[in-house]
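Structure record follows, encoded as structure tokens.
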Amino acid sequence: MDISGASAIVTGGASGIGAAVVRQLAAKGAKVIVADLQADKGQALADEVGGAFVAVDVTDTEQIKQAVDAAGELGPLRVLVNSAGIGWAQRTIGRDGEFDSAHDLGAFSKVIAINLIGSFDALRLAATAMSRNEPDDDGQRGVVVNMASVAAFDGQIGQASYSASKGGIVGMTLPIARDLSSSGIRVNTVAPGLIDTPIYGEGPDSEAFKAKLGESVLFPKRLGVPDELASMVVECVTNSYLNGEVIRVDGGIRMPPK
Ligand SMILES: NC(=O)c1ccc[n+]([C@@H]2O[C@H](COP(=O)([O-])OP(=O)(O)OC[C@H]3O[C@@H](n4cnc5c(N)ncnc54)[C@H](O)[C@@H]3O)[C@@H](O)[C@H]2O)c1
């Protein structure tokens, strides 16, 4: 699918994998909306690639609609990449047998609200706008790429909420691709392994943590870089025969229990 002259929305586009996706989509000629909480980084990146920044919290439907409207002003919206996401680590129960030390339910809900429901909300609204596009020669009106995680398949100790959110994304990929097929909109999901982004924090402690994490990768024994993920996202966008699929990009890692 040719995306030159089309518009694209990247949620979580101000940082990490999302930022690499913004740059690679712009290099393919798309006008990109950086939809993120982080205004400074988001605006700077939008200026760099000739796109636009829209302040979006993916738990806010009205803000997502504003991003979809802003995209429509730059060109027909043909691409949505859902990269906004947060992590959380906590065991399901505490060590002292008290109800109060069980997993924080508010935290569980927040992770689901941002990673899963936020992705679905952006998807349903962007796909609605895409459904109004003129189809290309292949009948295509648009494409959506979601960001899951290998934690959807091999979640570690403490990852109940994160794995549930990413497992939900994996589970909804095929039914949504089926829902949207009659509108000529494809849906794929990328499941990253361990990728070197600000999600692991910054500074000497996180560098040491990331170096240790890299040793657990099958090959190559290092963390992935955001461009390696963005490259797969671009393939999911431009390869018209990729649909309803979940693709791990993880150096062959299978996460152990901890
Ligand atoms: N880095 C990894 O190892 C890794 C592995 C597997 C999956 N992922 C997934 O990839 C995606 C991108 O992660 P990353 O590593 O680039 O992280 P990152 O922290 O660098 O970027 C995430 C971006 O999402 C934004 N964001 C967070 N909550 C938001 C909200 N409510 N509304 C809008 N924007 C919000 C942040 O401001 C940030 O700019 C996430 O969904 C993450 O779960 C990352």
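This chain uses plain numbering: 1 for the first residue, then up along the sequence. When a ligand or atom number is given, it counts from 1 through the structure's own listing order. Worth knowing before you read on, the calculation uses all heavy atoms, side chains too, and leaves out hydrogens, waters and symmetry mates.
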Exercise for the section: Give a yes or no on this: more than 12 heavy atoms of other residues, nucleotides or ligands lie within 6.0 Å of atom NZ of Lys210. Expected result: yes
Problem - Heavy atoms from other residues, nucleotides or ligands near CZ of Arg178 exceed 12 (cutoff 6.0 Å) - result: no
May I ask you to identify the nearest protein heavy atom to [atom], giving residue, atom name and distance to one decimal place in Å?
atom	result
atom 10 (O) of ligand 1	Met147 CG, 3.3 Å
atom 29 (C) of ligand 1	Leu37 CD1, 3.5 Å
atom 22 (C) of ligand 1	Gly85 O, 4.1 Å
atom 39 (O) of ligand 1	Asp36 OD2, 2.7 Å
atom 40 (C) of ligand 1	Ser83 O, 3.3 Å
atom 15 (O) of ligand 1	Thr197 OG1, 2.5 Å
atom 41 (O) of ligand 1	Lys166 NZ, 2.9 Å
atom 13 (O) of ligand 1	Ile199 CD1, 4.0 Å

Nitrogen or oxygen atoms of [X] and ligand 1 under 3.5 Å apart:
X	answer
Ile86	no
Ser15	yes
Ala35	no
Gly18	no
Asn115	no

Looking at [X] and [Y], what are the two nearest heavy atoms and their distance?
X	Y	answer
Leu45	Gly13	CD2-O, 3.1 Å
Ala152	Val170	CB-CG2, 3.7 Å
Gln159	Ala151	OE1-CB, 3.7 Å
Ser15	Gln38	CB-NE2, 3.9 Å
Thr92	Ala160	OG1-CB, 4.3 Å

Counting each atom of ligand 1 from 1 as listed, which ones have a heavy atom of [X] under 4.0 Å away?
X	value
Tyr162	6 (C), 7 (C), 8 (N), 9 (C), 42 (C), 43 (O)
Ile17	10 (O), 16 (O), 44 (C)
Gly16	16 (O), 20 (O)
Ala84	24 (O), 33 (C), 34 (N), 35 (C), 41 (O)
Gly12	23 (C), 24 (O), 25 (C)

Problem - Qualifying residues under salt bridge (charged side-chain N to carboxylate O under 4.0 Å, His left out), relative to Asp154, sequence neighbours excluded - result: Arg248
Exercise for the section: Determine yes or no for a side-chain-to-main-chain donor-acceptor pair under 3.5 angstrom, with Thr189 supplying the side chain and Val246 the backbone. Expected result: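 Side chain of Thr189 to backbone of Val246, a donor-acceptor pair under 3.5 Å: no, none is there.
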Problem - Check: Gly18 main-chain N/O paired with Arg23 side-chain donor or acceptor under 3.5 Å - result: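 A pair under 3.5 Å: no.
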Practice task
For the residue pair Ser216 and Leu194, establish whether any side-chain heavy-atom pair is separated by less than 4.5 Å.
Solution key: yes
Exercise for the section: Check whether any side-chain heavy atom of Asn188 sits under 4.5 Å from a side-chain heavy atom of Thr173, and report yes or no. Expected result: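 No - every pair of side-chain heavy atoms lies 4.5 Å or more apart.
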Measure the distances from the heavy atoms of [X] to every atom of ligand 1 and state whether one is below 4.0 angstrom.
X	result
Thr59	no
Pro198	yes
Lys41	no
Asp57	yes
Gly193	yes

Handout entry: Ala148, portion touching ligand 1 at heavy-atom distance under 4.0 Å
Key = backbone
Practice task
Using a 4.0 Å heavy-atom threshold (strictly under), name the region of Leu194 that reaches ligand 1: side chain, backbone, both or neither.
Solution key: backbone
Handout entry: Passing candidate, side-chain contact (heavy atoms from CB on, under 4.5 Å) with Met232, options Val190, Ile17, Val145
Key =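 Running side-chain contact (heavy atoms from CB on, under 4.5 Å) over Val190, Ile17, Val145 with Met232 returns exactly one hit, Val190.
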Problem - OG-CD distance between Ser206 and Glu202, expressed to the nearest 0.5 angstrom - result: 7.0 Å
Exercise for the section: Indicate the ring-plane relationship of His103 and Trp88, choosing parallel, tilted or perpendicular according to the 30° and 60° boundaries. Expected result: tilted
